[in-house]
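Right, one structure below, let's go through it.
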Protein chains: 2
Amino acid sequence: MQSVELTNLYKCLCDVLRLRILNLLKEGPLCVCHLQEILGETQVKTSKQLQYMKKLGVVGARREGVWMVYSLPEPTHPVLLANLHCLQADTDGFGDLIGDLKKRSVILRRFAANPGECPPAVYQATDGCQG
Amino acid sequence: MQSVELTNLYKCLCDVLRLRILNLLKEGPLCVCHLQEILGETQVKTSKQLQYMKKLGVVGARREGVWMVYSLPEPTHPVLLANLHCLQADTDGFGDLIGDLKKRSVILRRFAANPGECPPAVYQATDGCQG
DNA sequence: TCTGCATATACTTCTTATTGCATATATTAA
DNA sequence: TTAATATATGCAATAAGAAGTATATGCAGA
């Protein structure tokens with residue numbers, strides 16, 4: 001493992017939007033459109049940041065039907081995990097992070113109600129970390 | 001504490017030279033010229049990276065005579081410390097880091113022999129972490 | 001004041017990121 | 001094949017960072 005350069009991890013973490021994305025992916029895989037919905041960002045911006053991180057090997061992607069499912073690679077680099085974990089504690093100016101996770105939960109419940117709105121891999125990620 | 005934005009920390013960590021500098025400062029304060037000597041980099045390059053990190057509030061600086069002594073601010077952001085700590089473990093392509101610390105020790109011993117080659121604050125940092 | 005050492009700044013060039021807009025691709029369903 | 005949805009890419013403009021050369025500043029000692 002850890003073919004990922006540490007500096008690449010930090011390159012991803014040093015932008016707030018990427019940080020928010022990684023914080024979400026830590027809980028489970030998500031498609032571009034759902035990240036977009038949670039983050040309140042445009043499709044292009046979201047997609048491009050994902051491309052950026054994918055090129056650096058920090059996130060992985062696979063197609064499922066119409067959707068591209070993005071996720072943290074397994075096994076995820078321990079340094080990345082450790083930092084994402086810290087984020088929860090350090091909420092200076094990052095109120096978004098917890099709000100993002102709440103929005104994610106809402107969306108996941110919506111998927112449970114009507115699958116077909118996302119690929120199986122996404123709504124199967126039923127970790128109920130935060131309600 | 002922690003007026004430092006997390007993203008600023010990561011901005012500093014995502015460059016190898018800055019990473020090496022922080023790794024050194026973790027052990028104690030150093031002047032530009034000594035960092036320069038340990039890192040094998042030019043004065044301008046070293047100085048500029050220090051300016052960059054100073055502007056982001058990640059390192060502090062004070063003048064002592066001819067020298068500018070750079071150091072990690074007290075108290076140092078826990079996330080920064082945690083990451084610098086991880087570096088020791090994760091040595092993929094970072095053989096430099098340990099080598100840097102060894103060079104630092106050599107230099108510190110030299111200072112002990114003849115002070116006047118550096119400001120007091122530097123050679124007084126006698127943490128003998130690695131020999 | 002002049003010299004020398006340590007450090008910073010100005011200026012230029014080059015590369016890398018960021019963003020938006022428009023458009024293309026891929027997949028599925030009709 | 002066509003339409004609709006999800007996603008990616010190309011292009012252009014701008015900003016931010018990196019690196020080098022030259023030069024300036026700040027301090028100490030003669």
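- We find that CD of Gln49(B) is positioned 14 Å from C1' of dA8(C), with the value rounded to whole Å.
- Rounded to a whole Å, the CZ atom of Arg18(A) is 13 Å from the C1' atom of dT19(C).
- Using a 4.0 Å heavy-atom cutoff across all strands shown, Lys54(A) reaches no nucleic acid atom at all.
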Could you go through nucleotides 20-26 of chain C and list every protein N or O atom that sits under 3.5 Å from one of its N or O atoms, giving the distance for each pair?
{"unit_1": "dG20(C)", "atom_1": "O6", "unit_2": "Lys48(A)", "atom_2": "NZ", "d": "2.3"}

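- To the nearest 0.5 angstrom, Ile21(A) atom CD1 is 4.0 Å from Met53(A) atom CE.
- The hydrophobic clustering, which links ILVMFWY residues whose side-chain heavy atoms are closer than 4.5 Å, places Leu9(B) and Tyr52(B) together.
- Look at CG on Leu17(A): it is 16 Å from P on dA17(C), rounded to the nearest Å.
- Tyr52(B) has no side-chain polar atom (N or O) that falls below the 4.0 Å cut-off from OP1 or OP2 of dA8(C).
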*Quick one: do Tyr10(A) and Asp15(B) satisfy side-chain hydrogen bond (donor to acceptor under 3.5 Å, both in side chains)? Show the steps, please.*
CA-CA 8 Å; Tyr10(A) 294 128; Asp15(B) 174 87; over 6 Å; no
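- When the nearest nucleotides of DNA chain C are assigned to Glu64(A) and Tyr70(B) by heavy-atom distance, the more 5′-ward of the two goes with Tyr70(B).
- With rounding to the nearest 0.5 Å, the separation of SG in Cys12(A) from CG in Leu56(A) is 5.0 Å.
- With hydrophobic clusters built from ILVMFWY side chains whose heavy atoms lie under 4.5 angstrom apart, Trp67(A) does not share a cluster with Val122(A).
- A donor-acceptor contact shorter than 3.5 Å is absent between the side chain of Asn23(B) and the backbone of Leu19(B).
- Pairs passing the salt bridge (Lys or Arg N to Asp or Glu O under 4.0 Å) check and including a residue from residues 72-85 of chain B, sequence neighbours excluded, do not occur.
- Taking a heavy-atom distance under 4.0 Å as the criterion, the stretch of DNA chain D touched by chain B extends 5' to 3' from dG17(D) to dA28(D).
- Atom-to-atom distance recorded for Leu35(A):CG and Leu50(A):CG is 6.0 Å, nearest 0.5 angstrom.
- Summarising the geometry, the separation between CD on Gln51(B) and P on dA10(C) is reported as 11 Å, rounded to the nearest angstrom.
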